[in-house]
2 protein chains.
Amino acid sequence: MALEHAILVSLLEQPGSGYELARRFDRSIGRFWTATHQQIYRVLRRMETDGWVAVEAVAQDARPDKKVYSVAAPGRSALGAWLREPVEPETVRHELAVKIRAAAFEDPGELIPEVERHRESHAALLARYLTGEQRDFPDPSALDAQQQLQHVVLRGGIEYERMTLAWLDDVLATLHRLHRHTD
Amino acid sequence: MALEHAILVSLLEQPGSGYELARRFDRSIGRFWTATHQQIYRVLRRMETDGWVAVEAVAQDARPDKKVYSVAAPGRSALGAWLREPVEPETVRHELAVKIRAAAFEDPGELIPEVERHRESHAALLARYLTGEQRDFPDPSALDAQQQLQHVVLRGGIEYERMTLAWLDDVLATLHRLHRHTD
DNA sequence: CCCCGCATGTAACACGTTACATGATTCG
DNA sequence: CGAATCATGTAACGTGTTACATGCGGGG
């Protein structure tokens with residue numbers, strides 16, 4: 001229900017092709033919404049049928065043609081309507097948490113390398129966010145509304161990664177403690 | 001791919017019926033994995049066919065009969081195998097973040113009540129977690145392995161809610177600032 | 001008497017994932 | 001010459017959501 005809206009936001013920020021959208025969903029938007037190119041092409045076709053987006057075929061030299069999508073008036077008002085209706089607080093899906101509780105029925109020490117892998121991947125993501133923040137928002141006092149809102153979402157990602165890193169350290173300490181006791 | 005495993009963990013912690021599992025997924029397990037009863041019944045039937053769980057029909061007086069499921073040996077080894085294979089760090093889906101970026105194209109002030117609603121719901125969840133922590137883990141030095149692992153997962157939930165509350169305050173401050181400037 | 005809780009299910013549909021397919025150009 | 005990037009797509013499958021269905025017992 002929200003992939004359409006994420007696409008509308010992305011196209012309002014900057015029109016682009018399905019391929020370009022897929023790349024954005026691997027980067028900035030992927031922080032809070034993921035989608036593969038197959039999904040994006042499918043939804044774009046539906047949005048085009050519904051008149052939410054307009055398409056323009058663009059020929060390129062030395063590259064395949066592309067279809068550049070932009071938001072049409074009905075899409076824009078659909079976004080406004082969605083903004084005004086409440087969404088439910090997200091349901092979290094945390095596979096690692098399932099594993100941690102599962103570890104009680106196996107050797108908890110076995111989970112340590114897996115948790116360390118996650119820790120590294122979250123540390124890398126935090127580093128990328130911080131670099132991106134420096135690059136895109138060097139002077140927080142000189143941002144327009146759109147950038148301020150992008151920035152506050154990015155700060156959410158940064159705080160999420162910091163919190164997760166601290167929690168994974170807590171998890172690792174717990175696993176190490178249990179590991180020693182079963183030696 | 002992981003609903004099976006979440007069910008296995010829940011049944012290892014305590015055997016129960018599909019209905020009871022659905023209620024647990026609304027409470028403790030719902031912190032990191034959600035499922036409706038329809039999904040649970042469907043997956044339980046498959047797990048029974050695969051020999052992962054054993055069923056015992058239990059007649060109750062003044063209540064409908066129920067099927068109590070417990071983990072069989074093949075289910076237990078499937079859980080062990082899953083624990084040993086790596087899972088990818090979760091993909092976050094944060095609808096509110098989409099809305100915040102969408103607010104740049106409408107009146108940002110309109111989003112304030114929605115964000116406040118989310119703030120209240122996260123505050124209520126945090127309060128529930130803290131109460132549950134007091135009740136279930138009053139003396140952290142006297143916990144067995146299973147409880148320590150449940151506790152560290154709960155601490156993750158608590159820290160997540162704290163971080164989210166702080167971030168939503170940041171979001172609200174940003175929206176208020178933008179609102180004043182468009183007066 | 002009606003609604004709520006217990007308990008299990010079917011059916012249809014929406015959404016997401018994986019695999020496969022095509023074809024051009026650029027870079028090492 | 002092979003791999004990577006650009007660009008769009010089909011097909012099959014698996015997972016998740018919504019609506020509907022059934023039936024008993026207890027409480028207001």
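The sequence lines fix the lettering, A, B, ..., with proteins before strands; numbering per chain opens at 1.
- Dashed line: the shortest gap from a side-chain N or O of B/Tyr19 to OP1 or OP2 of C/dC6 is under 4.0 Å.
- Nearer to the 5' terminus of DNA chain D, by closest-nucleotide assignment, is the contact made by A/Lys67 (compared with the other of A/Lys67 and B/Leu3).
- Between A/His122 and A/Trp167, the distance from one ring center to the other does not fall under 6.0 angstrom.
- One side chain, A/Glu13 or A/Gln150, offers a donor N or O that lies under 3.5 Å from an acceptor on the other.
- Straight-line distance from the CD atom of B/Glu56 to the P atom of C/dA7: 15 Å, rounded to whole Å.
- Side-chain atoms of B/His151 and B/Glu133 form a donor-acceptor pair, as typed in the model, at a separation below 3.5 Å.
- In this structure, A/Thr34 reaches neither bases nor backbone, as no heavy-atom distance under 4.0 Å exists between it and the strands shown.
- B/Phe25 places its CZ atom 17 Å from the C1' atom of C/dA7, with the value rounded to the nearest Å.
- At a threshold of 4.0 Å, the pair A/Glu48-A/Lys67 does not count as salt-bridged, since none of the basic side-chain nitrogens sits closer than that to a carboxylate oxygen.
- Terminal axes of the helix from C/dC1-D/dG28 to C/dG28-D/dC1 (five pairs each, C1' rotation axis) are separated by 30°, to the nearest 10°.
- Rounded to whole angstrom, the span from the CD1 atom of B/Ile40 across to the C1' atom of C/dT8 amounts to 12 Å.
- Note that the first and last nucleotides of DNA chain D, 5' to 3', having any atom under 4.0 angstrom from a heavy atom of chain B are D/dT15 to D/dG26.
- Taking atom CZ of B/Arg24 as the reference point, atom C1' of C/dA7 lies 15 Å away to the nearest angstrom.
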Quick one: which protein N/O atoms are closer than 3.5 Å to N/O atoms of nucleotides 26-28 of chain C? Pair and distance per line, please.
none

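- Taking atom NE2 of residue A/His37 and atom C1' of nucleotide C/dC15, one finds them 16 Å apart after rounding to whole Å.
- Nucleotides of DNA chain C nearest to A/Arg42 and B/Tyr41 differ in position, and the one nearer the 5' end is that of B/Tyr41.
- No side-chain heavy atom of A/Glu95 sits less than 4.5 Å from a side-chain heavy atom of B/Glu90.
- For the pair A/Gln39 and C/dT17, the criterion of a side-chain N or O lying under 4.0 Å from OP1 or OP2 is met.
- In summary, the side chains of A/Gln148 and B/Arg177 do present a donor paired with an acceptor at a separation below 3.5 Å, with no hydrogens or angles considered.
- We find that CZ of B/Arg45 is positioned 18 Å from P of C/dA7, with the value rounded to whole Å.
- A salt bridge links A/Arg162 with A/Glu159: the distance from a Lys NZ or Arg NE/NH1/NH2 to an Asp or Glu carboxylate oxygen falls below 4.0 Å.
- Taking atom CD of residue B/Glu88 and atom C1' of nucleotide C/dT18, one finds them 15 Å apart after rounding to whole Å.
- B/Glu114 has no carboxylate O lying under 4.0 Å from a charged side-chain N of A/Arg84, or vice versa, which leaves the two without a salt bridge.
- With B/Ile112 as the fixed residue, the side chain to side chain contact (heavy atoms under 4.5 Å, CB included) test singles out one of B/Val171, B/Leu178, B/Leu172: B/Leu172.
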Legend entry - Test log, rule side chain to side chain contact (heavy atoms under 4.5 Å, CB included), inputs A/Leu96 and A/Leu168: CA-CA 10 Å; A/Leu96 192 61; A/Leu168 289 176; 3.7 Å; yes
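- The distance from atom CG of B/Leu21 to atom C1' of C/dA7 is 13 Å, rounded to the nearest whole Å.
- Using a 4.0 Å heavy-atom cutoff across all strands shown, A/Gln38 reaches at least one base atom of the nucleic acid.
- Looking at B/Leu79 and B/His5, their side chains come closer than 4.5 Å, going by heavy atoms from C-beta outward.
- Going from atom CG of A/Leu11 over to atom CG of A/Leu44 covers 6.5 Å, rounded to the nearest 0.5 Å.
- Side-chain atoms of B/Arg63 lie closest to C/dA7 of the nucleotides C/dT18, C/dA7, C/dG23.
- Each of B/Asp65 and A/Ala2 has a nearest nucleotide on DNA chain C; the 5'-most of these lies closest to B/Asp65.
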